[in-house]
Amino acid sequence: MSEIPKDSLKAALLELECHFTWNLLKEDIDLFEVEDTIEQQLEFLTTKPRLTLYNLLAYVKHLKGQHKDALKCLEQAEEIIQREDSDKKEVRSLVTWGNYAWVFYHLDQLEKVQKCVDEVGHVCKKWSSPLNYKLERPEIDCEKGWALLKFRGKYYQKAKAAFEKALEVEPDNPEFNIGYAVTVYRLDDFDRERSAKSFSLGPLRKAVTLNPDDSYIKVLLALKLQDVHAEAEGEKYIEEILDQISSQPYVLRYAAKFYRRKNSWDKALELLKKALEATPTSSFLHHQMGLCYRAQMIQIKSNRPKGKDKVKVDKLITAAIFHFKEAVERDSMFAFAYVDLANTYAEGDQYHNAEDVFQKALRLENITDDHKHQIHYHYGRFQEFHRKSENTAIHHYLEALKVKDRSSLRTKLTSALKKLATKRLCHNAFDVQSLSALGFVCKLKGEKRQTTEYYERAQKIEPENAEFLTALCELQLSI
């Protein structure tokens, strides 16, 4: 075995294709939730190869500082590879060996690092790679795609690119097509309140054709069909799936989501409770149950409930709060669950609790712009309609638009902002916050004359305000 100086060893490690070099940041996930989810998937989900899951779990264990546990996961991954009949065992081992090398490096076991690096180098040379320690293979791109997908929204576009790269080499590979379809489905659904996107419909249909016995990909196709107003076709898939399975929680959860969106809340809750028996720590399941109870509550509340109905509303609020709390306790970065919990507290007139949850949501770090956008919008509504604090509401509506000015919420936001600011100006023509807000809304709409008018009025009141001066300067330059 050739010896490599320590500096060269680090250079070789950085060249490896594995989880340690894919820039997967622990700040972007809740480590305990992701660890729990991977362990659940190892037990119940057949879509993702177990090799991929063990490699990913090893990396999560490393991020938690549990290097011995990481090595155990990599041993499990190696056992899976050894049981395979594939003539590409060495290629399938590259990510695992890369992860081994990095874990040994963190344990300062440099001889073992060198051995792993040499193993990778041998395979790269055998397969005529132009690089010493990196081999371009679609199997590796696929594994990279799954890893990126697990690290949430910020990584979805990179995951899509990884699966696309794999499909360029093997366009009809069943696993690659599942990975690509799931990723595009996630991207379709990423912006929560925009009109439904259907980019994933074609990839999902192809993945189902290539994987006719895979219930997980079928249930995602059913949900996408529901999105594009083909609910009857989607329900046929759901009914077929439910006839074939009894206790696959990763399928049941999405079948439940289908029925929840159909307003069949009792059926959805029946499936969710069944799934929860198998995976009681799932934040997703608790959130879905909370959504069902909240939807039932809103329906009854819309009819001005009295007597028994009022008691039922209170019970539904309590149930929804319980499950939303479970969701955020099990996944500390579940932004939508925080928003739903806070809004449900507000529905129950528990304003202090709602404020506390909104503040936690506002302090979340390393979340996507879409999440920040949603949090500011809902907090603005809470301040306007429940706390009657118009100043704070305007501030957060503006923050929502500044974070992300293009989404389906844009119409709601600009309408709410314009209505509130106009009302305030009727009471006080010198309300500089309202003038500034209207100027910002007009600027977004491209209404230059009105934008100039509002910012000029605001600037007369606060001549040294940098925001107003900058906005007016930009307007002059654009004319």
Side-chain angles (χ1 to χ4, degrees), residues 153-154 156-157 187-199 335-336 339 343 358 361-362 364-479:
K154 288 183 180 180
Y156 288 172
Q157 287 292 349
L187 282 166
D188 275 358
D189 204 35
F190 191 39
D191 189 347
R192 193 188 195 200
E193 294 190 36
R194 69 186 172 190
S195 56
K197 298 285 184 178
S198 57
F199 296 119
F336 291 146
V339 168
N343 283 334
F358 271 124
L362 288 164
L364 288 176
E365 297 179 355
N366 300 302
I367 58 174
T368 65
D369 285 347
D370 182 56
H371 289 155
K372 294 174 188 173
H373 178 70
Q374 296 278 349
I375 291 165
H376 282 293
Y377 168 68
H378 285 282
Y379 187 52
R381 285 183 60 80
F382 170 70
Q383 288 294 332
E384 180 179 0
F385 296 106
H386 293 287
R387 306 303 278 167
K388 310 301 180 186
S389 176
E390 295 177 347
N391 283 352
T392 310
I394 287 177
H395 171 75
H396 285 280
Y397 287 151
L398 281 169
E399 287 299 308
L401 285 169
K402 287 174 182 176
V403 167
K404 186 175 182 181
D405 64 3
R406 293 191 178 277
S407 77
S408 69
L409 281 182
R410 175 172 166 162
T411 302
K412 290 180 183 178
L413 268 166
T414 52
S415 175
L417 198 48
K418 190 173 182 179
K419 184 177 178 181
L420 185 54
T422 303
K423 183 184 84 171
R424 284 162 61 83
L425 284 174
C426 289
H427 296 293
N428 177 10
F430 299 98
D431 181 357
V432 73
Q433 186 190 33
S434 295
L435 288 168
S436 172
L438 288 170
F440 189 81
V441 169
C442 292
K443 181 182 175 183
L444 286 180
K445 293 182 176 180
E447 299 169 347
K448 292 182 180 179
R449 185 180 61 79
Q450 294 95 322
T451 304
T452 303
E453 178 188 327
Y454 285 120
Y455 277 123
E456 283 180 344
R457 285 172 63 185
Q459 199 255 335
K460 284 179 183 177
I461 300 165
E462 292 187 8
E464 304 303 320
N465 186 299
E467 179 191 344
F468 307 155
L469 291 169
T470 301
L472 287 168
C473 183
E474 288 174 354
L475 284 163
Q476 288 297 320
L477 291 171
S478 68
I479 294 172

Answer with yes or no whether the side chains of Glu384 and Tyr397 bring together a donor and an acceptor at under 3.5 Å.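 Result is yes, a qualifying pair exists.
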Checking side-chain polar atoms at under 3.5 Å, does His395 have a donor or acceptor matched by the opposite partner on Thr392?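 Note: His395 and Thr392 side chains miss the donor-acceptor criterion.
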Centroid-to-centroid, His371 to Phe336, below 6.0 Å?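 Yes, close enough.
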How far apart are the closest heavy atoms of [X] and [Y], and which atoms are they?
| X | Y | answer |
| --- | --- | --- |
| His373 | Ala400 | ND1-O, 2.8 Å |
| Leu438 | Tyr454 | CD1-CE2, 3.7 Å |
| Gln433 | Asn391 | NE2-O, 2.9 Å |
| Ala429 | Leu435 | O-CD1, 4.0 Å |
| Ala421 | Ala437 | CB-CB, 4.4 Å |
| Ser436 | Glu467 | OG-OE2, 3.3 Å |

Determine all donor-acceptor pairs shorter than 3.5 Å in which one atom belongs to a side chain in residues 468-477; sequence neighbours excluded.
residue: Thr470; atom: OG1; partner: Ala466; partner atom: O; Å: 2.8
residue: Glu474; atom: OE1; partner: Lys443; partner atom: NZ; Å: 3.2

Taking the side chain as C-beta and beyond, is there a heavy-atom pair between [X] and [Y] under 4.5 Å?
| X | Y | answer |
| --- | --- | --- |
| Gln459 | Asn465 | no |
| Leu417 | Leu413 | no |
| Leu362 | Lys372 | no |
| Ile367 | Ile375 | yes |

I'd like to know if the side chain of [X] and the backbone of [Y] have a donor-acceptor N/O pair within less than 3.5 Å.
| X | Y | answer |
| --- | --- | --- |
| Thr414 | Thr411 | yes |
| Lys404 | Leu401 | no |
| His376 | Glu399 | no |
| Gln383 | Arg387 | no |

Could you check whether atom [atom1] of [X] has more than 12 heavy atoms from other residues, nucleotides or ligands sitting under 6.0 Å from it?
| X | atom1 | result |
| --- | --- | --- |
| Lys445 | NZ | yes |
| Lys154 | NZ | yes |
| Lys402 | NZ | yes |
| Phe430 | CZ | no |

Would you compute the distance between atom [atom1] of [X] and atom [atom2] of [Y] and round it to the nearest 0.5 angstrom?
| X | Y | atom1 | atom2 | value |
| --- | --- | --- | --- | --- |
| Glu447 | Cys442 | CD | SG | 5.0 Å |
| Thr452 | Lys448 | OG1 | NZ | 9.0 Å |
| His386 | Lys388 | NE2 | NZ | 8.0 Å |
| Asn428 | Ser434 | CG | OG | 8.0 Å |

Return the orientation label for the Phe382 and Tyr379 ring planes: parallel under 30°, perpendicular over 60°, tilted otherwise.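 The arrangement is parallel - the two ring planes meet at less than 30°.
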State plainly whether the residues Arg424 and Asp431 are in salt-bridge range, i.e. N to O under 4.0 Å.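 Salt bridge between Arg424 and Asp431, a charged N being under 4.0 Å from a carboxylate O: yes.
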Show your working on side-chain contact (heavy atoms from CB on, under 4.5 Å) between Glu390 and Lys423 and close with a plain yes or no. CA-CA 10 Å; Glu390 295 177 347; Lys423 183 184 84 171; 2.7 Å; yes
